[in-house]
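Accompanying notes for the structure given below.
Since the model is a prediction, treat every value here as computed from it, not as a measurement. We name chains A, B, ... by the order of the sequence lines, and we start the count at 1 in each one. Worth knowing before you read on, the calculation uses all heavy atoms, side chains too, and leaves out hydrogens, waters and symmetry mates.
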Amino acid sequence: MTLKDKLAQAMATAKSLGADYADIRLKDIQMESISMENGSVSAVVNNRSQGYGIRLYVDGSMGFAASADMDALDETVREAYAIANASLTLQAQKIKLSPKEPATGTYSTPVKSDPFTVPLAEKLALLEACYKEIKAVPGVGHNSVALDFRKDDVIYADTDSSYIEQNFCQCTCYIQTSATSDSDKQNRSYMNVIRGGFETVLEEKMPEISARLAKEVVELINAPDCPSGEFDLVINPNQLFLQIHESVGHPTELDRVLGSEAAFAGRSFLEPGDLNKDLIYGSEHVTIVADATCDKGLGTFAYDDEGVPAQNITLIDKGKFVAFQTSRDNAPIIGQPSSGAGLSDGWRNLPIVRMTNINLLPGSGTPDDLIAGIKYGFLLDQNKSWSIDDLRVNFQFACQVAYEIKDGKLTGKFFKNPIYAGKTTEFWGSCDGVAGPEYWQLVGVPNCGKGQPMQVMRVSHGSSPARFRKVKVGVSDVK
Amino acid sequence: MLNKQAAQGIIEKLTSYVNVYATVNISYGSNGTTRFANSEITQNTTINDTSVSLTVYEGKKEATCTTNVLTEAGLKQLAKDAQAMLQVVPEGEFEAFPMSKEPVNERPYSGELASAFDTTARAAYIKEGVSHVKDGFTAAGALVLTQNAISVGDSLGAFRYAAYDQVAFNTVVTHQDGTAGAGECCSYTDAPDIVAEFKKAQATATAAMGAVSPELGAHTVVLSSTAFADLVGLMGYTMGAYAVDDGTSFAVGKMGQQVLGKNFTLTDDVNCPCSRPVFFDYEGTPRRTTTLINEGVVASYLYDNKFAAKHKAENTGHAVTNKGRGGYPANLQVTGGTQSLEEIIASTKKGIFINEFHYTNFVNPRTLQITGLTRNGTFMIEDGKLTTPIATVRFTESLLDAFNNITAITKERTKTSGWMGISLMPGARIENFHFTSKP
């Protein structure tokens, strides 16, 4: 019996037991991690995990069971069925799934050079080249460089006769440099996670970045603390990605809006009815999309984990809130089809609403144009710390460095420990410029946590540097 | 459940496939989670998985491969891959540390929690709990049963095994205006009272209605054990030798120094009955009960094999990997004080009671400056009584300052669920605690 036949049989078993609908995700995941600390190889690790998760619905209640044992398919279907029946114990409303067409298809991440076939010696040579640049800078303390690679081979099938095969490949580049004094430690670091082959790693130019970060960190340790007050900011994509993630990505997830995550990840300041209220989320410069089709994105695919085709939907259109991110089990509540955001972490977990690639679309002009419009302020670079409230309104971020802007120019002076805080819609409302497409960068986030059991997803966020007016910087004014 | 004999069989089989020194880690987990939201069961899942890691060593070279394909062919492939990788990896800093064979405690597996909290029982507990939620409110949360077996061994015959169950429950009861109260409980041993936590969450939510926005600036705060555990947990993670070595920890160069008030003692206690009943770490080293802060003085860091060797210190048995990340706490406890929570509140003229924090995170670990927000039950304390409910507010504070400003610690301590296991924490009163912004 072929694998396809086995999955079809499992779906047939679900139907014969009495399930109204069932689907299955079979995933085979390979990972390789290579890391070097202070010039010594600290870890070379390979990991393989394969298994499947079966979700089924009985009379509007859901059950899910996951197993690594391919010989236990039938047993796992029956377990999911029993769990769905247990769910009926406390059902207020029957879960309805948004309609979708049965799908058959294949998809693979475009890969020129399979990272799993690149010799380990070549990968280590790249890390050693980074270390060589770092150690050439006097005063650098603890440092680490690392490469991670991941392949997900995914098969999806359901009781509607869908059968989809997808293969994903991602690469992670990581560099951290630090400098210490008797009472302080500062880091300058870089990380990107990209869908693609080893060629994407080489495009990152890690040795050059290593050299720049090492030079900066030994100056940063002696830099003054960032002033507190209300300032104009230009924020680079390596911080803006997390601002987008926390203050746009999560609050526009419909499951949060509906209260499904109230006891863990939290809720949202948005309400279902906000779709039709012309809610102003940001300024006219702010257009943000959930784009599952963008090149090199960690949230790029042909079909989500519910068999729904990839989409590019606009969440915020020139400042106006226009759409939620949804999955099949909650989209009908607002009378819409799924936005194709039903994704699961690995084979063990059920699909829930997850970000795909949540991107701030570029504007026009250069970062220098944005800086030119600031009398006194800062250019913020690289996230250091993050926190946001339960409803995703009040946020506070810290960055690794603030470059001083005076009379429309960078002065060359910089500060450590910059912190900025604000409220989501006020902050996005204060955006009065986004640099053009040639400055647009996609930043991968490999560790977005949500759900119980915790699911850790990989998402990307694209943006160009953007300018924000009168942002609260620092916390010393209340001390 | 992966039993002891099966675990030993896997280790013996796998080490027989390699011709160098090798260590094996096995992790079995079965997770049953029943989630509810809007007062109905919304997600109900079971996950079963066993993964096996093989690390092979030759001189200062080591390579690790992990799989969950436990067939004969899968295990042979694992050994083949690890040995092939060993041929091409460069030398690291250390040779292998042979696994300890020192005897460790072993708590017999009972299976009682697994029986009491199976899928059907979890649904029934939630149904009963939701019946105590009043009109206008809804409940969300999760009741989780995890069954775990952990085993480590090596090619020289060292072998360790532990099996245990854990029940963890959390709920938030929310009014339609957004006001919320929370309850949580967890246990490795006795069955926790789920319904009592629903009632607690409902009572808190009811009391919290009509919240007002607080003044920013410095306040006296009284923290519940849940809120205090959140702060202490962050501090605990900076007490590992790796964080000290790379300069991240506040404790760098502070060994033996008085850094906090004399009323603050922090211990990682593996022998506490409420602790996770695993008496060895990832490297097979016996876990040592370790006092990290003794009456305000930095007393010890947490170690694994590599960092104990680097620091020429005794290995405390806190490895979570064999890749040299120092040690991490698993069973944190703060020593209790002399007053009850009610007595501490009664002796507070003006302050704010905080039931729970949300999204706490380091701003600067070196200074232990952290930030986070209040939620699910924050109240003014006026003339010794809880009065006006307080809306969500953000704090930004150095824990070095905060834990030097503790003026009372509760004598009662409660079990709170953390990332690495259950902690036993008191509540505390802290002066001069800074609120820095609000939604």
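- For B:Val144, no part lies near chain A; criterion is any non-hydrogen pair under 4.5 Å.
- Residue B:Thr67 touches chain A through both its backbone and its side chain, counting heavy-atom pairs closer than 4.5 Å.
- Of the atoms belonging to B:Thr174, it is side-chain heavy atoms, and not backbone ones, that fall under 4.5 Å from chain A.
- With a threshold of 4.5 angstrom between heavy atoms, B:Gln43 approaches chain A through its backbone and through its side chain.
- Annotation: maximal heavy-atom pairing with chain B below 4.5 Å, among A:Val393, A:Val45, A:Val41, A:Ile83, occurs at A:Ile83.
- Between B:Thr179 and B:Phe137 the shortest side-chain heavy-atom distance does not fall below 4.5 Å.
- Side-chain contact check for B:Thr34 and B:Asn44: at least one donor-acceptor pair (N or O, by modelled atom type) lies under 3.5 Å.
- Chain A forms the most heavy-atom pairs under 4.5 Å with one residue out of B:Pro439, B:Ala140, B:Ala123, and that residue is B:Pro439.
- Looking at B:Lys438, the atoms closer than 4.5 Å to chain A (heavy atoms on both sides) all sit in the backbone: N, CA, C or O.
- Proximity to chain A (any heavy atom under 4.5 Å) is restricted, for B:Val130, to the side chain, taken from C-beta onward.
- Chosen from A:Ile419, A:Ile388, A:Leu120, the residue pairing most often with chain B at heavy-atom distances under 4.5 Å is A:Ile388.
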Checklist entry - B:Arg375 and B:Glu356: salt bridge (Lys or Arg N to Asp or Glu O under 4.0 Å), yes or no, with the steps? => result CA-CA 6 Å; B:Arg375 72 168 175 181; B:Glu356 190 180 317; 3.0 Å; yes

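- Residues meeting the salt bridge (Lys or Arg N to Asp or Glu O under 4.0 Å) test with B:Glu40, sequence neighbours left out: none.
- The backbone N or O of B:Ala218 lies less than 3.5 Å from no partner atom in the side chain of B:Asn432, so there is not a single donor-acceptor pair.
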